[in-house]
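Atom set for the values below is all heavy atoms of this structure, side chains included, hydrogens, waters and symmetry mates excluded.
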Amino acid sequence: MSVSEFYDLIIIGGGPGGLTAGIYAMRAALKTVLIEMGAPGGQVNNSDSVENWPGDEHIAGAELAMKFSLHAQSYGLEVRSDEVLELEPGLEYHTVKLADGSELHSHSVILATGGHPRKLEIPGEDELYGKGVSYCAVCDGFFFRDKTVVVVGGGDTAAEEALYLAKLAQKVYLVHRRDALRAGALLQQRVKADCKIEILWNSVVTSINADDEGVSSVNLQDTQTGDQRQLDTNGVFIFIGFNPNNKLVPAGTRMNADGYVVTDEKCETTSPGIYVIGDLREKYARQIVLSAADGCTSALAAAHYVETRKASETCELPEELQNLAS
Ligand code: NAP
């Protein structure tokens, strides 16, 4: 077996949950590494303004992400930039395989890999991605200054992003499949009060069309009458929810029908010592503050688990790992 390093805790994912877990793990003196393949902060980086993180009435998502990261690193948290290919659970220790070929071992693992934007799965969506189709208003909104855009979805994300785009674009059509938004009351009020935003109720986009310059129009269908029409637009922003990034979840772990991992109140999965937190975990609501709370819970639980394992006579590591793990 090729041994690189042994940790008390490996955290996979550097969003608010993973970084909070890192802070609590370092404070609990666990030998910890956090592995992240993108920018620290995760999806928060895509938020123009976060207004429900306690203590900050308004803060840019990228700034909040940076604060989380700096806070975790102030405790000396080791952060590795790499892609995790596999998490192999074991009775004595767990193994994490990285794209650079190395293998890390640990007593405990926290999976904090979040989710990715759901797709409409309609003609034109994949082909026109980056040519007018986007899943991130903060990243791409600038290109639609004084232009017309369609925002698809009726949840908090669609409402927030529509408001952000209305500051740049000339016109924003918010296309929602029902006659009521799912977004919170305050966001709904703001969307309805914004004169640049027009809500197209009971409507779905059935295809995205292009000319030589990129997106030029969408085909719309009325969900009640079945009527179809074409709407000219320069861009299409799709915010219809997230799918969990559950590729690394070990086989046999309990998940719900939507692919979210079911844990106990300590965020522990059915594999002892493996915790799942944040947007990957089945829960009532998906909020930054809840991901951070999961990070705290799981790190405290992992600290207790590691302490118990180290004290346990049944924790018999192979000889080559014993020195590394001490
Ligand atoms: P969401 O709450 O799941 O909303 C998805 C929206 O897309 C719904 O309105 C849904 O319609 C619509 N939709 C889903 N599939 C569709 C399809 N195939 N075609 C057309 N429309 C479709 O997702 P989200 O807005 O990304 O939010 C995810 C979580 O993050 C939520 O818990 C949300 O509260 C949270 N969040 C919070 C904040 C905040 O507090 N500031 C900001 C962003 C996100 P229906 O309504 O008909 O189901």
Side-chain angles (χ1 to χ4, degrees), residues 13 15 37-39 42-48 61 83 112-144 147-165 169 172-178 181-183 191 199-211 213-223 228-249 255-261 278-283 285-286 291:
M37 66 173 176
Q43 290 169 51
V44 176
N45 282 297
N46 299 337
S47 271
D48 169 43
E83 182 184 3
T113 46
H116 59 273
R118 199 175 283 158
K119 289 185 171 186
L120 281 169
E121 315 279 358
I122 54 170
E125 184 177 15
D126 284 344
E127 303 85 307
L128 296 168
Y129 174 64
K131 296 175 192 151
V133 173
S134 171
Y135 303 87
C136 176
V138 174
C139 317
D140 301 322
F142 178 78
F143 301 110
F144 298 90
K147 296 192 172 171
T148 298
V149 295
V150 161
V151 170
V152 187
D156 284 325
T157 308
E160 275 187 354
E161 306 300 286
L163 287 164
Y164 175 75
L165 287 164
V172 177
Y173 291 103
L174 181 60
V175 177
H176 183 39
R177 63 183 176 181
R178 290 189 295 125
L181 296 176
R182 180 180 291 277
V191 165
I199 307 177
L200 304 181
W201 301 107
N202 301 314
S203 300
V204 287
V205 177
T206 54
S207 75
I208 305 170
N209 315 310
D211 59 18
E213 309 217 325
V215 167
S216 58
S217 67
V218 291
N219 287 5
L220 293 177
Q221 182 167 27
D222 188 307
T223 54
Q228 308 214 17
R229 71 179 171 114
Q230 206 170 63
L231 177 73
D232 288 346
T233 184
N234 305 107
V236 181
F237 287 80
I238 300 163
F239 304 111
I240 58 166
F242 280 88
N243 286 332
N245 290 331
N246 56 15
K247 187 179 81 165
L248 297 174
V249 175
M255 287 196 256
N256 70 16
D258 295 323
Y260 292 93
V261 177
D279 286 358
L280 176 56
R281 185 169 87 81
E282 181 187 63
K283 51 167 58 153
R286 288 171 215 293
S291 292

Between the main-chain N or O of [Y] and the side-chain N or O of [X], is there a donor-acceptor pair closer than 3.5 Å?
| X | Y | value |
| --- | --- | --- |
| K283 | G278 | yes |
| N246 | G259 | yes |
| D140 | A137 | no |
| D258 | Y260 | no |
| R286 | D279 | yes |
| R118 | F242 | yes |

### Task
Could you check whether the rings of F144 and F237 sit parallel, tilted or perpendicular, using 30° and 60° as the cut-offs?
perpendicular
### Task
Would you please test N234 and V215 for side chain to side chain contact (heavy atoms under 4.5 Å, CB included) and show each step?
CA-CA 5 Å; N234 305 107; V215 167; over 6 Å; no
### Atom CD of Q228: over 12 foreign heavy atoms under 6.0 Å
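Result for CD/Q228: enclosed.
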#### Entry: M255 atom CE, over 12 foreign heavy atoms within 6.0 Å
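Atom CE in M255 is crowded, with more than 12 foreign heavy atoms closer than 6.0 Å.
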So, for [X] and [Y], which heavy atoms are closest and what is the spacing to 0.1 Å?
| X | Y | answer |
| --- | --- | --- |
| V138 | N46 | CG2-O, 2.9 Å |
| A162 | L174 | CB-CD1, 4.4 Å |
| F239 | Y135 | CE2-O, 3.4 Å |
| T233 | V149 | OG1-CA, 3.3 Å |
| A158 | V152 | CB-O, 4.1 Å |
| L280 | T113 | CD2-OG1, 3.2 Å |

Nearest-0.5 Å distance that lies between atom [atom1] in [X] and atom [atom2] in [Y]:
| X | Y | atom1 | atom2 | result |
| --- | --- | --- | --- | --- |
| Q43 | T157 | CD | OG1 | 8.0 Å |
| R177 | Q221 | CZ | CD | 13.5 Å |
| I199 | H176 | CD1 | NE2 | 9.0 Å |
| K119 | D126 | NZ | CG | 3.5 Å |
| N209 | L231 | CG | CG | 10.5 Å |
| N202 | T223 | CG | OG1 | 4.0 Å |

### Query
Going by atom types only, do N219 and T206 share a side-chain donor-acceptor pair under 3.5 Å?
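Their side chains do not contain a donor-acceptor pair, so the 3.5 Å distance test is not met.
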### Message
Given V205, which partner from the list L220, L200, I238 fulfils the side-chain contact (heavy atoms from CB on, under 4.5 Å) test?
### Response
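Considering L220, L200, I238, a side-chain contact (heavy atoms from CB on, under 4.5 Å) with V205 is found only for L220.
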